[in-house]
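Read through the structure below, which is laid out as structure tokens, and then see the notes.
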Amino acid sequence: MSIYDTLNEQQKKGVFTTEGPVLLLAGAGSGKTRVLTHRISYLIDELGVNPWNIMAITFTNKAAGEMKERVEKLVGTGSDSIWVTTFHSTCLRILHRYSDRLGYENNFTVYDTDDQKTVMKEICKRLQIDPKKMKERSILSAISSAKDELITPEEFEKSAFGDYRLQQIAQAYKEYQTILKKSNAMDFDDLIMKTVELFRTDPQVLKGYQKRFKYIMVDEYQDTNTAQFELIRLLADAHHNLCVVGDDDQSIYKFRGANIRNILDFETVYPEATVIRLEQNYRSTQNVLDAANAVIRNNRKRKSKTLWTDKGQGSPIHFMEFLNGFEEAEFIADDVARKNREGIAHYSDCAILFRTNAQARLLEERFVIEGIPYNVVGGTNFYARKEIKDMLAYLKTIDNGSDDLAIKRVINVPKRGIGATTVIKVQDYADLHEISFYDALRQAEDIPGLGKASGKLKGFVNMIQVFRSKQEFYGLSDLIRDIIETTGYVRELEASGDDDAEGRIENIDELISKIVSFEEIHNQPTLREFLEEVALVADIDNLEGGSDKVLLMTLHSAKGLEFPHVYLAGMEDGLFPSYMTIASDDQEELEEERRLAYVGITRAKEDLTLCYAKMRMIRGETQVNAVSRFVREIPEELMDHRPSSMGSGFKREYEEENPFGSASFSRGGFPEKGSFKPKASAGPRKTAIENKPFIAGGGVGALHAAGIAKGVGAVSGGRPSYDAGDRVRHIKYGEGTVTDLEPGPRDYKVTVDFDEAGQKIMYAAFAKLEKV
DNA sequence: TAGTTGGGTTTTTTT
DNA sequence: AACCCAACTA
């Protein structure tokens, strides 16, 4: 009896087909991680492959860690030397060794999204790009997409010919790369792209890695982008022992450059590939699976597959309707508490999944009130928090003097009387003499016009130098404590009296613990290694197992995880699928949302609850939304309740107001504005309970009143000021021509042919049309 | 230089 | 609602 006997036939094929390219199409819950771990163990134990020659690339550090653990259990020894990591850590490791061949120093730092923005802001100023015409963010995302496709600044510029906007982006891209290089820094996308560049320009280095990695496995292959594909192709080029695992139905990272063709065209690139399908699901009940299949069936572009399970039918899919988000949160908290009380589930058996991070807050507040232990994954990454970034900036400054951004971040934090003007003068001097910002600081007395500031700069430089020299004598945790002590960072927080100071100090303490445990794990812990590790942690990576807590996270974060009890919150058209995708002409975008729904549903092992709130406050605006189309795609016989058509009749009445089946109004529209609202300054943070009467009391009637109170467009019943044939303007759709105007049961129904948005039918009172 | 305030904006998702 | 920025004040 061997460990492989427990595998099904397809899984066995996946394990034993070790030579040549393999495409493993693995449906949700079909045991692909099992195949991968057994495959690795088979290679080592049965075929005598040196663990050193095996590489497995996963999506998150957490997945990598888990895989390592599982392999360790299967194989006796040697699993340490298997290279199991993410794309980004792999590249970072390689580049920290060889990036000097690309003209970087090997101790370059990694810029996160925040840093990128800071750099881009500077560039926009310099290139005089009007921030109203083109936002930094859109430039950055254009650059990011370019890098995902391995397009260099030069190539970008060539293809931008004739398009002013693109030319500007090309300029910014070029400038951006120059600044990053000068700062000895790379961004996330650079890590992949530069590694490919390294492999392409330095065959020697590539050969070394090709020789090492005789067996390569890639998990979540459907979410790889073009650059990652090329990276893998290069690495596998010598041996072709490449096994990729993925599920096109779970591709949810198109916005990050994921190229679904990588999985769909695998057989074209590698004609000799063995294709294996894993279609037996070991995770979920038949009901959950049927629901998932019913939803995903509506997508057109997919490699069709049929998931099946020999588990029983299971409980029906629960569907719950609520008036608003507060009630939704209340129910979910109550239900989780009930399951815990009745011994149906531990807290850690439950997960609440949602489309947007912002939805976490309401749920969180309710969980606090009910005293239910929970953890929120995501939101702001721990290492992206202000106080943590400040601490890291000190560490980076000490480690890498050319990271201008880090130095500028902390040069006046805590306040040292070094203002913006001084920083600009130093930068000018640095530019003039073509030296780094830090080197300019060291020559502060030579910089003209600094006056008293020069002494302050000297003090700062001195402090950094002292930290650097002390490093020889004490460890990392001593260093961070020294920084906190010397700079008085925490003391200032304590004195500030800000209500978030306490939380920030807690975070800093958390950072200290992380550094301490880093020191414990590593034999020779260096600052560089710590910064390297920290640069690429995702939020999900920090999740410690073992504690009995409910998990709250986005659907994206939930990928690859499973829970006995899953709640999908916010199943509303306009939220999920998002407003943007519904409005988009591109069918593909909606399909990606549907795949996300598929991912969400298939996280559930036993019990799935779908929640819908009729009204929801989004960005300070209350929206009325229809039940998500994804819920409606699930056959009624699988559910315990079926979606009502919004009892009050309100919904039906205004369904045609816009094409999304949702109405929205602003809180400002309430005549009694402020009368319900607790004063923000008085007492502790508002709780869900305090807020609730405001929303619930508002109710449908208030909604109606709000629309009319706003007094925009025609008043219900009266004939609008425009008529068929008139030109009108709509706040969202722009200008158009009225093609029809007819009296409805309560209001005039107006049909407008918009120049941009096409034909829409809406109620006059809510359309807020303006005659032009 | 530092702190405050008012106004404008708003990736949905993340390595 | 929350965040970020610019302008203003002390």
Side-chain angles (χ1 to χ4, degrees), chain A residues 57-64 85-92 110-114 117-118 121 131-132 135-138 140-141 144 147-148 187-192 220 223-225 227-228 251-258 325 353-362 377-381 383-384 386 412-423 451-453 456 496 535-541 553-559 570 572 574-584 589 592-593 595-596 599-600 616-622 666-668 677 680 685-686 691:
Chain A
I57 293 190
T58 61
F59 204 63
T60 62
N61 293 300
K62 181 169 182 273
T85 47
T86 63
F87 271 105
H88 289 88
S89 336
T90 297
C91 293
L92 185 61
V110 179
Y111 276 4
D112 66 13
T113 323
D114 225 57
K117 244 203 219 147
T118 311
K121 226 173 273 167
K132 278 182 195 95
K135 279 165 238 144
E136 295 125 30
R137 196 172 286 149
S138 59
L140 279 170
S141 87
S144 173
K147 289 180 177 177
D148 287 343
D187 64 22
F188 285 128
D189 305 309
D190 279 335
L191 294 178
I192 316 287
E220 307 284 11
D223 285 321
T224 53
N225 61 35
Q228 290 165 333
S251 167
I252 55 173
Y253 281 104
K254 194 173 170 215
F255 71 94
R256 205 168 73 184
L353 312 180
F354 34 79
R355 182 73 236 291
T356 67
N357 280 305
Q359 289 169 256
R361 172 162 303 161
L362 230 49
V377 179
T380 331
N381 186 315
Y383 293 100
K386 183 187 176 300
N412 199 29
V413 177
K415 299 271 176 312
R416 299 188 177 90
I418 303 172
T421 331
T422 308
V423 170
K452 260 191 285 178
K456 294 172 184 164
S496 73
L536 299 177
V537 285
D539 247 302
I540 194 99
D541 300 334
M553 67 184 110
T554 62
L555 290 153
H556 282 88
S557 299
K559 181 153 96 144
E572 293 126 44
L575 182 63
F576 185 37
S578 79
Y579 179 90
M580 304 279 278
T581 43
I582 300 174
S584 165
E589 290 192 29
E592 174 134 326
E593 293 279 294
R595 290 193 290 269
L596 199 51
V599 167
R616 188 179 294 276
M617 176 95 78
I618 291 168
R619 279 211 229 100
E621 192 176 73
T622 301
S666 127
R667 177 193 262 195
K677 194 179 167 189
R685 205 147 67 111
K686 281 179 295 178
N691 259 338

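Reckoned from all heavy atoms, side chains included, excluding hydrogens, waters and symmetry mates. Lettering of chains follows the sequences in order, A, B, ..., and the numbering in each one begins at 1. Owing to the predicted nature of the structure, the values given are computational and were not obtained by experimental measurement.
Side-chain nitrogen and oxygen atoms of A:Asn61 include none within less than 4.0 Å of the OP1 or OP2 phosphate oxygen of B:dT15. Between A:Ser578 and B:dT13 there is no side-chain N or O to OP1 or OP2 distance below 4.0 Å. Taking only side-chain nitrogens and oxygens, A:Asn412 comes nearer than 4.0 Å to OP1 or OP2 of B:dA2. Residue A:Lys415 places at least one side-chain N or O under 4.0 Å from the OP1 or OP2 atom of B:dG3.
Comparing B:dT15, C:dA1, B:dT13 by their nearest atom to the side chain of A:Phe188 picks out B:dT15. Taking only side-chain atoms of A:Thr421, from C-beta outward, the nucleotide of B:dT13, B:dT14, B:dT1 with the closest atom is B:dT1. Nearest nucleotide to the A:His88 side chain, out of B:dT14, C:dA1, B:dT15: B:dT15. Listed candidates were B:dT1, B:dT15, B:dT14. Nearest to the side chain of A:Thr422 is B:dT1.
In this entry the distance linking CG of A:Asp223 with C1' of B:dT15 reads 11 Å, nearest Å. Separating the CG atom of A:Asp541 from the P atom of B:dT14 is a distance of 13 Å, rounded to the nearest angstrom. If you measure from atom CD of A:Gln359 to atom C1' of C:dA2, you get 16 Å, rounded to the nearest angstrom. Per the geometry, CD1 belonging to A:Ile618 stands 14 Å off P belonging to C:dA1, to the nearest Å. Atom CD1 in A:Ile418 sits roughly 10 Å away from atom P in B:dT1 (whole-Å rounding). Following rounding to the nearest Å, A:Ile57 (CD1) and B:dT15 (C1') show an atom-to-atom distance of 13 Å.
A:Asp223 CG to A:His556 NE2: the interatomic distance, rounded to the nearest 0.5 Å, is 8.5 Å. A distance of 12.0 Å separates CG of A:Leu536 from OG1 of A:Thr60, quoted to the nearest 0.5 Å. Taking OG1 of A:Thr554 as the reference point, atom CG of A:Leu353 lies at 8.0 Å (rounded to 0.5 Å).
Contact annotation: the side chain of A:Leu575 approaches that of A:Gln359 to within less than 4.5 Å [non-hydrogen atoms, C-beta and beyond]. You'll find the side chain of A:Tyr253 reaches within 4.5 Å of the side chain of A:Lys559, heavy atoms only. Between A:Arg256 and A:Asn225, every side-chain heavy-atom pair lies at or beyond the 4.5 Å cut-off. A:Phe576 has its side chain within reach of A:Leu596: a pair of non-hydrogen atoms, C-beta onward, lies under 4.5 Å apart.
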Can A:Arg416 and A:Lys456 be said to form a side-chain contact (heavy atoms from CB on, under 4.5 Å), step by step? CA-CA 7 Å; A:Arg416 299 188 177 90; A:Lys456 294 172 184 164; 5.6 Å; no
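Looking at residues two or more places apart in sequence or on another chain, you find a salt bridge (charged side-chain N to carboxylate O under 4.0 Å, His left out) between A:Arg616 and A:Glu328, A:Glu572.
Both A:Asn381 and A:Glu593 lie near DNA chain B, and the one whose nearest nucleotide falls closer to the 5' end is A:Glu593.
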Could you list the protein-to-nucleotides 4-11 of chain B atom pairs, N/O on both sides, closer than 3.5 Å?
from   : atom 1 : to       : atom 2 : distance (Å)
B:dT10 : OP1    : A:Lys135 : NZ     : 3.1
B:dT11 : O5'    : A:Arg137 : NH1    : 3.2

Might you list the N or O atoms of the protein lying below 3.5 Å from N or O atoms in nucleotides 4-7 of chain C, with each pair's distance?
from  : atom 1 : to       : atom 2 : distance (Å)
C:dC5 : OP1    : A:Lys121 : NZ     : 2.2

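Judged by distance alone, the side chain of A:His88 and the main-chain N or O of A:Leu191 form no donor-acceptor pair under 3.5 Å.
Contacts of A:Thr60 with the nucleic acid, taken as non-hydrogen atoms under 4.0 Å apart, are absent. In this structure, A:Tyr253 reaches the sugar-phosphate backbone alone: every heavy-atom distance under 4.0 Å involves primed, P, OP1 or OP2 atoms, never a base.
Comparing B:dT11 with B:dG7, their P atoms sit 22 Å apart, to the nearest whole Å.
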